[in-house]
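Everything quoted here is computed from the prediction, not taken from an experiment. In what follows, chains are A, B, ... by sequence order, proteins preceding strands, each numbered from 1.
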2 protein chains.
Amino acid sequence: MKNDPAENQESIKAIPEPTLRRLPIYYQLLKSRLNAGSSEISCTTIADALHLTAIQVRKDLEITEASGKPKVGYNIKELIAAIENFLGWNSKSEAFLVGAGNLGSALIGYQGFKEYGLMIIAAFDNNPAKINTSVYGKRIFDIKKLSDMVRRMKVSIGILTVPAQYAQESANLMTEAGIRAIWNFSPTKIICRPDIVVQHENLACSLAVLSKKISEVAARRIS
Amino acid sequence: MKNDPAENQESIKAIPEPTLRRLPIYYQLLKSRLNAGSSEISCTTIADALHLTAIQVRKDLEITEASGKPKVGYNIKELIAAIENFLGWNSKSEAFLVGAGNLGSALIGYQGFKEYGLMIIAAFDNNPAKINTSVYGKRIFDIKKLSDMVRRMKVSIGILTVPAQYAQESANLMTEAGIRAIWNFSPTKIICRPDIVVQHENLACSLAVLSKKISEVAARRIS
DNA sequence: CCTTAATAGATAAACTTATATCTATAAAAT
DNA sequence: ATTTTATAGATATAAGTTTATCTATTAAGG
Ligand SMILES: NC(=O)c1ccc[n+]([C@@H]2O[C@H](COP(=O)([O-])OP(=O)(O)OC[C@H]3O[C@@H](n4cnc5c(N)ncnc54)[C@H](O)[C@@H]3O)[C@@H](O)[C@H]2O)c1
Ligand SMILES: NC(=O)c1ccc[n+]([C@@H]2O[C@H](COP(=O)([O-])OP(=O)(O)OC[C@H]3O[C@@H](n4cnc5c(N)ncnc54)[C@H](O)[C@@H]3O)[C@@H](O)[C@H]2O)c1
């Protein structure tokens, strides 16, 4: 029911999310190897460097439709291009940020997103003290202007960095304005229409994993 | 081989990571419902609020050994306590942060980690301009002092926010100093000894998922 | 040129996680 | 008191993901 075969006429085989999450890790390694002067790399080499299995690396790369040669491996440049193409990182996408606070400012100033084609072009806030100021050369606008500007500039990605209690209302505002994808950094789950893409970046979730691993390791050390 | 039954004598049934990652989401909801005056909550209610299935919620909560009553559900306070206890969030843990830059400063200033028992007590950097200054009341020390201070203060958690190319060497420094768990925010995978807990917080991985979802939705809209 | 070895690609099995079904229980309604 | 109903808890099934095995290919070595 979830993956209705009728829905995907042209063999859009559902992409495993774990695979998707590993692609940027390969991507980063490939770029650093390319900088180091290599031109080819095998699954075995990638797997060894990242402490994964060669089989998994091969299966992951398969979905990008990159193709390698036996005894040699993949051409690094080609593989980088294949990943970029697969993830849509070879085309620029513009984003608005809502909540120009502590974390929001760090994200605005971060140059690393460019590498993945993501450009934060402006920020919005409801704090009069912040409105019409700039952070790292990016203007902070009144949140009331969001709707107009989304429509006018056709921005489809929103980065949400407001306090948890305002996250849902801000998300609603964004989607009503025409934002189609939200990257949410607040520690609360936001619920949006099914046609809206929502990616939750909840640090508390990671911390839970970290905390539990720590207590497990501690328990193992005692026994 | 991975889950050797001989290793876990006392029925340490491996905890699914997806479950672990959902617990903080329940936790946040429970706290907000408690503040709103509720005292009991059922799986069905939780599931509806978070767009999950009641079965999944019930299975997740099961591992915290919380127990509910038919027709009523769980006592919210008890459930919160059960989650805190399960994740070890009821005891304080101290952390050092390495790389007091843009993102590092945001994390240092973030008050939200307290709720999960995590306290960033000091930061370290190798930039002379930053050493011996303070950020949000937290002192930034010379990275050379890390080893000494880890030993002296018995800090076991390290938060890593240096640029990618220095991530591995910083991680090595941290583990050699005695740090036992690393929360890595750089977009590169770090490899540590097996007894070191490493949690990767790679935004590029999330962005990959977001990017792909966007292109999928776009494709669906056309067809 | 032939053999060897490393590797990509394809297929199959094992494992993990999510979903569905069934049963027992306790609160509320009759 | 009895019936109904919503729910927790237990068990079973299905789906998704990882790991293993097999086959084909191609570069390198003899
Ligand atoms: N700072 C961190 O390191 C960190 C870490 C993890 C999670 N987070 C989460 O990220 C979010 C932001 O954290 P922060 O530390 O930057 O907080 P912050 O208070 O520094 O920033 C929040 C900003 O949002 C603005 N804001 C509030 N309500 C708004 C609204 N309705 N519309 C528009 N703007 C609004 C505020 O004016 C402020 O500038 C929070 O949800 C927090 O839990 C932050
Ligand atoms: N800023 C963001 O929003 C953001 C987003 C995603 C990922 N990241 C990642 O987080 C990391 C930090 O990003 P940032 O924007 O804060 O960068 P930054 O340059 O502002 O901060 C890095 C800090 O690390 C210090 N440093 C460098 N090498 C060091 C070493 N060997 N030992 C100790 N300190 C050292 C620098 O002096 C600097 O203060 C990077 O890996 C970046 O890719 C940042």
Side-chain angles (χ1 to χ4, degrees), chain A residues 1-5 7-8 11-23 25-26 30 38-76 78-79 82-83 205 208-209 212, chain B residues 1-5 7-8 11-23 25-26 30 38-76 78-79 82-83 205 208-209 212:
Chain A
M1 202 176 286
K2 211 178 191 179
N3 286 310
D4 191 351
E7 193 182 27
N8 38 352
S11 78
I12 305 169
K13 51 203 158 189
I15 301 131
E17 188 168 315
T19 293
L20 222 41
R21 295 190 68 91
R22 281 188 296 266
L23 289 181
I25 302 168
Y26 303 139
L30 293 170
S38 311
S39 64
E40 252 114 24
I41 195 167
S42 73
C43 287
T44 325
T45 314
I46 296 175
D48 286 351
L50 299 172
H51 283 209
L52 299 171
T53 72
I55 307 148
Q56 184 169 57
V57 174
R58 201 155 58 229
K59 272 217 83 201
D60 285 345
L61 298 180
E62 200 171 79
I63 66 159
T64 69
E65 287 170 358
S67 137
K69 274 190 245 176
K71 193 85 182 176
V72 175
Y74 300 86
N75 176 281
I76 296 182
E78 275 177 29
L79 192 46
I83 294 175
C205 298
V209 178
K212 199 62 200 175
Chain B
M1 203 176 285
K2 211 177 189 179
N3 286 309
D4 190 351
E7 193 181 29
N8 39 353
S11 78
I12 304 169
K13 52 205 156 190
I15 300 132
E17 189 168 316
T19 293
L20 222 41
R21 296 190 67 91
R22 281 188 295 267
L23 290 181
I25 303 168
Y26 303 139
L30 293 170
S38 310
S39 63
E40 253 113 25
I41 195 165
S42 73
C43 286
T44 324
T45 313
I46 296 175
D48 286 351
L50 300 173
H51 285 209
L52 299 171
T53 72
I55 307 148
Q56 185 169 57
V57 175
R58 201 154 58 228
K59 270 214 85 202
D60 285 345
L61 297 180
E62 200 171 79
I63 66 160
T64 68
E65 287 172 355
S67 137
K69 275 191 244 174
K71 192 86 180 179
V72 176
Y74 300 85
N75 177 281
I76 296 183
E78 275 176 29
L79 192 45
I83 294 176
C205 298
V209 178
K212 198 63 199 172

Legend entry - Separation of atom CD1 in B:Ile76 from atom P in D:dA8, rounded to whole Å: 12 Å

Legend entry - Protein-nucleotide distance (B:Ile46, atom CD1; D:dT7, atom P), rounded to Å: 11 Å

Legend entry - Length of the OH-C1' vector between A:Tyr74 and C:dT7, whole Å: 9 Å

Inset, instruction - Mind listing the closest non-hydrogen atom pair of A:Asp60 and A:Leu23 along with its distance? - result: O-CD2, 4.2 Å

Legend entry - Those residues that, when tested against B:Ala66, pass side-chain contact (heavy atoms from CB on, under 4.5 Å) (two or more places apart): B:Thr64, B:Tyr74, B:Leu79, B:Ala82

Legend entry - Among C:dT19, C:dG9, D:dT19, the one nearest B:Thr53 by side-chain distance: C:dT19

Inset, instruction - Take B:Ser42 and A:Pro18, find for each the nucleotide of DNA chain D with the closest heavy atom, and name the residue whose nucleotide sits nearer the 5' end. - result: B:Ser42

Inset, instruction - Choose from C:dA8, D:dT17, D:dG9 the nucleotide whose nearest atom is closest to any side-chain atom of A:Pro16. - result: D:dT17

Legend entry - Whether over 12 other heavy atoms sit under 6.0 Å from A:Lys212 NZ: yes

Inset, instruction - Calculate the interatomic distance between A:Glu40 atom CD and C:dA6 atom P; express it in whole Å. - result: 18 Å

Inset, instruction - Let me know the distance between CD1 of B:Ile41 and P of D:dA6, rounded to the nearest Å. - result: 18 Å

Legend entry - Nearest listed nucleotide, side chain of B:Gln56, among C:dA18, D:dA6, D:dT17: C:dA18

Legend entry - Nearest-nucleotide pick for B:Lys71, side chain only, options being D:dT26, D:dA10, C:dA27: C:dA27

Inset, instruction - For A:Ala54 and for B:Lys59, locate the closest nucleotide of DNA chain C by heavy-atom distance; then report the residue assigned to the nucleotide nearer the 5' terminus. - result: A:Ala54

Legend entry - Euclidean distance, atom CG of residue B:Leu79 to atom P of D:dA8 [Å, nearest integer]: 10 Å

Inset, instruction - Report the distance from atom CG of B:Asn75 to atom P of D:dT7, rounded to the nearest whole Å. - result: 16 Å

Inset, instruction - Using heavy atoms to find the nearest nucleotide of DNA chain D for A:Ile55 and A:Val72 separately, return the residue whose nucleotide is more 5′. - result: A:Ile55

Legend entry - Short side-chain N/O contact from A:Thr19 to OP1 or OP2 of D:dT17, under 4.0 Å: no

Inset, instruction - Of all the heavy-atom pairs spanning A:Glu78 and A:Ser67, show the shortest one and how long it is. - result: OE1-O, 4.5 Å

Inset, instruction - Taking only the side-chain nitrogens and oxygens of B:Arg22, find out if one of them lies under 4.0 Å from OP1 or OP2 of C:dA18. - result: yes

Legend entry - Gap between atoms CD and C1', on B:Glu78 and D:dA8 respectively (whole Å): 14 Å

Inset, instruction - Compare side-chain N and O positions of A:Arg58 against OP1 and OP2 of C:dG9 and report whether any pair is under 4.0 Å apart. - result: no

Inset, instruction - First locate atom CZ of B:Arg22, then atom CD of B:Gln56, and finally report the distance between them rounded to the nearest 0.5 Å. - result: 3.5 Å

